[in-house]
2 protein chains.
Amino acid sequence: MHLRIEFSYNFAIMNNNDLEQLLQDHGIKATANRLIILKALMNSSRPITMQDLTDEIESIDKSNVFRTLSTFREHGLVHVIEACDEGVMYELYRSDSNGPHNDIHPHFHCVVCHKVFCLKGVTVPKLNYPEGFDILEGSFLVNGICPECKA
Amino acid sequence: MHLRIEFSYNFAIMNNNDLEQLLQDHGIKATANRLIILKALMNSSRPITMQDLTDEIESIDKSNVFRTLSTFREHGLVHVIEACDEGVMYELYRSDSNGPHNDIHPHFHCVVCHKVFCLKGVTVPKLNYPEGFDILEGSFLVNGICPECKA
DNA sequence: ATCATTCTGCAACCGGATTGCAAACTCAAG
DNA sequence: CTTGAGTTTGCAATCCGGTTGCAGAATGAT
């Protein structure tokens with residue numbers, strides 16, 4: 001397990017070379033498949049499931065998607081969100097939002113369309129935990145109805 | 001799905017009659033098996049998995065445990081916690097702590113012993129959600145190391 | 001006692017996560 | 001280039017927790 005290192009990338013303007021660099025910066029060898037999966041993660045504004053990924057990328061076997069996501073996770077490139085009914089979802093760490101060093105990752109789960117949104121603007125204040133509990137990281141998930149489904 | 005009704009029970013001193021009453025208060029017919037499962041839930045100071053329950057109660061088939069937990073859930077007697085690696089966990093609603101009308105249920109997941117604790121004393125302040133997101137309920141899970149495992 | 005309803009155990013099923021393995025690929029050294 | 005060790009990949013099989021179908025048992029009102 002690698003320690004996460006803080007980089008500052010502008011994901012919007014990344015080309016293939018930048019993506020290879022991103023992988024290498026995290027100690028991951030860049031392969032064609034990994035670049036495809038990385039791109040898919042990057043293009044998604046929301047956390048997505050392994051299912052979503054394997055559906056979207058027909059050319060890569062699900063076992064490889066699984067192992068790639070595990071690798072990305074081990075190397076601190078993505079993190080997982082446990083989203084109730086939707087199962088585990090994967091999301092790229094983005095330099096401008098959350099990382100392992102931010103305690104809190106607020107997410108919104110729409111009970112209608114089942115999408116999960118990253119609530120980037122919302123910060124969760126420090127809580128006063130009981131004595132003796134060492135906090136590593138927190139995750140915060142709210143269920144509700146998203147603007148699209150409400151309309 | 002029943003609306004949850006607020007009762008005030010003293011779980012510590014409940015006998016069999018009280019337990020039957022508790023079930024009936026929630027619109028659930030009291031059967032021998034359901035009382036056993038209810039007791040097990042009540043005796044657990046922490047949320048537990050279906051696996052835990054079926055292991056603990058050898059006399060009841062897992063399908064019945066499953067259906068009983070579903071029934072309890074539908075009738076607002078227990079709620080579920082999605083605890084990352086541990087899968088879903090079940091916990092009795094206790095009159096003195098959380099219920100569907102409390103937005104937030106903070107829980108602590110120990111990454112060493114894999115237990116999940118209910119952080120009763122900790123309240124999560126209201127957050128300022130973005131426009132358009134209708135909040136139904138939130139869940140808050142922190143990962144870390146519990147006092148026992150730290151020692 | 002009778003009968004409709006509900007509950008229960010068993011066995012089977014399901015689907016997502018995970019793994020074993022052999023082939024394909026990578027890349028540095030000869 | 002060729003070789004060979006190490007890594008990655010696809011396929012198929014497996015695992016496992018959750019879930020369901022069904023027939024027999026228990027329940028409770030009449």
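As a whole-Å value, the separation of A/E58 CD from D/dG10 C1' is 16 Å. Distance, A/D61 CG to C/dC21 C1': 13 Å, rounded to whole Å.
Evaluation of atom-type donor-acceptor distances gives a pair under 3.5 Å for the side chain of B/R67 against the base of C/dG9. If you check distances only, the side chain of B/K62 never reaches the base of C/dG9 with a donor-acceptor pair under 3.5 Å. One cannot find a donor-acceptor pair under 3.5 Å joining the base of C/dC7 and the side-chain atoms of B/T68. Remark: the A/T31 side chain and the C/dC25 base include no donor-acceptor N/O pair separated by less than 3.5 Å.
Distance from the side chain of B/R34 is smallest for C/dC7 among the nucleotides D/dG17, C/dC7, C/dG9. Here C/dG16 is the nucleotide among D/dG10, C/dG16, D/dG28 with the atom lying nearest to any side-chain atom of A/Q51.
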Give the C-alpha distance, both sets of side-chain angles, the deciding distance and a yes or no for side-chain hydrogen bond (donor to acceptor under 3.5 Å, both in side chains) between A/T31 and A/N33.
-> CA-CA 5 Å; A/T31 70; A/N33 281 342; 5.6 Å; no

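The nearest heavy atom of DNA chain D to B/Y90 and to B/K29 marks one nucleotide each, and the one closer to the 5' end goes with B/Y90. DNA chain D is contacted by both B/F66 and B/A30; B/F66 maps to the nucleotide lying nearer its 5′ end (nearest heavy atom per residue).
Residues B/L136 and A/V142 form no side-chain contact, since every pair of their non-hydrogen atoms from C-beta on lies 4.5 Å or further apart.
Taking 4.0 angstrom as the limit, A/N33 places a side-chain polar atom (N or O) nearer than this to OP1 or OP2 of D/dG10.
Closest approach of B/G132 and A/K150 over heavy atoms only: O-NZ, 3.6 Å.
Across all strands shown, B/S59 has heavy atoms under 4.0 Å from sugar-phosphate atoms exclusively, and none from any base.
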